[in-house]
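All of these numbers come straight from a predicted model, not from anything done at the bench. We count ligands from 1, going down the list as the structure has it; atoms in each ligand are counted the same way.
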Amino acid sequence: MLDIPGRTVRALATDLDARYGNLAPEDVLDGVIHCFGDRIALVSSFGADSIALLHLVAEVKRDIPVLFLETGMHFEETLRYRDDVAKRLGLTNVIDLEPVFIELSREDPAGDLHISDPDACCSLRKVRPLNEALKNYDAWITGRRRHQTFARSTMAVVEPDGPRIKVNPIASWEQSDVDAYIDAHALPRHPLVAEGFPSIGCAVCTVRPGAGGDARDGRWKGFTKTECGIHFSR
Ligand code: SF4
């Protein structure tokens, strides 16, 4: 937990956002990674666009902790891609976060909770494991972008997140910026992008969006849910 005598996390976030909020992503990352040292981690889904931020971060610190929510529900392609990308970028500290076995047995013995209550399933497999892991850090980095959902449209580059700081270095990027970065650095795409998946999460909750659909339409089809919950206020 971040402990700053005489300061609130909110005040620190405001200061950091004033300092870094208008800088290029690589400068934001350089600043916050050096500011927080071993107390900052990146959270990555190794999804459709993740490699852009993973590459940006690897350019600054290859042994930064990269937290991956291993829900047990991923596409095989995602798990292989995670390993391939880590090797290619030289990321040496990718950490799988798994749900607690006894909670899994008690709350989702048949493995079908995602059908009846996806919020409870995300809480069990994502939110709680991440909250537990984040106790080891004062700040975390995400790849969220403002254009992705209405809820994200006004987020700051640096924001308070309960007892810690959350950093969104590519908040201002449009999809075209991500695509241009990936192309410019000749980075490999998640293999399912070529098969029509613009947004990739757990296999059981990801479909190809229909023609003309938004990228996030392929997630939690049939539910109003647009976020897994890891970014809700703590
Ligand atoms: S995305 Fe689906 S399967 Fe994955 S944790 Fe959330 S509800 Fe469960």
Hey, could you give me each pair passing salt bridge (Lys or Arg N to Asp or Glu O under 4.0 Å) that has a residue in residues 66-95? Not counting sequence neighbours.
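Only Arg82-Asp96 qualify under salt bridge (Lys or Arg N to Asp or Glu O under 4.0 Å).
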
Within a distance under 4.0 Å of any heavy atom of [X], pick out the atoms of ligand 1 and give their elements.
X      : answer
Cys202 : 1 (S), 3 (S), 4 (Fe)
Cys122 : 1 (S), 5 (S), 6 (Fe), 7 (S)
Val204 : 3 (S)

Can you check whether Gly201's main-chain N or O pairs, donor with acceptor, with Thr206's side chain at less than 3.5 Å?
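The answer is yes, because a donor-acceptor pair under 3.5 Å joins these two groups.
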
Please work out whether any backbone atom (N, CA, C, O) or any side-chain heavy atom from C-beta onward of Cys205 is under 4.0 Å from ligand 1, and answer side chain, backbone, both or neither.
side chain

Please table the atom pairs, donor to acceptor, closer than 3.5 Å between any side-chain atom in residues 15-33 and protein atoms at least two apart or in another chain.
{"from": "Asp15", "atom 1": "OD2", "to": "Arg7", "atom 2": "NH2", "distance (Å)": "2.5"}
{"from": "Asp17", "atom 1": "OD1", "to": "Val157", "atom 2": "N", "distance (Å)": "3.2"}
{"from": "Asp17", "atom 1": "OD1", "to": "Val158", "atom 2": "N", "distance (Å)": "3.0"}
{"from": "Asp30", "atom 1": "OD1", "to": "His34", "atom 2": "ND1", "distance (Å)": "3.3"}

Ring centroids only, cut at 6.0 angstrom: are His190 and Phe197 within range, meaning strictly under it?
no

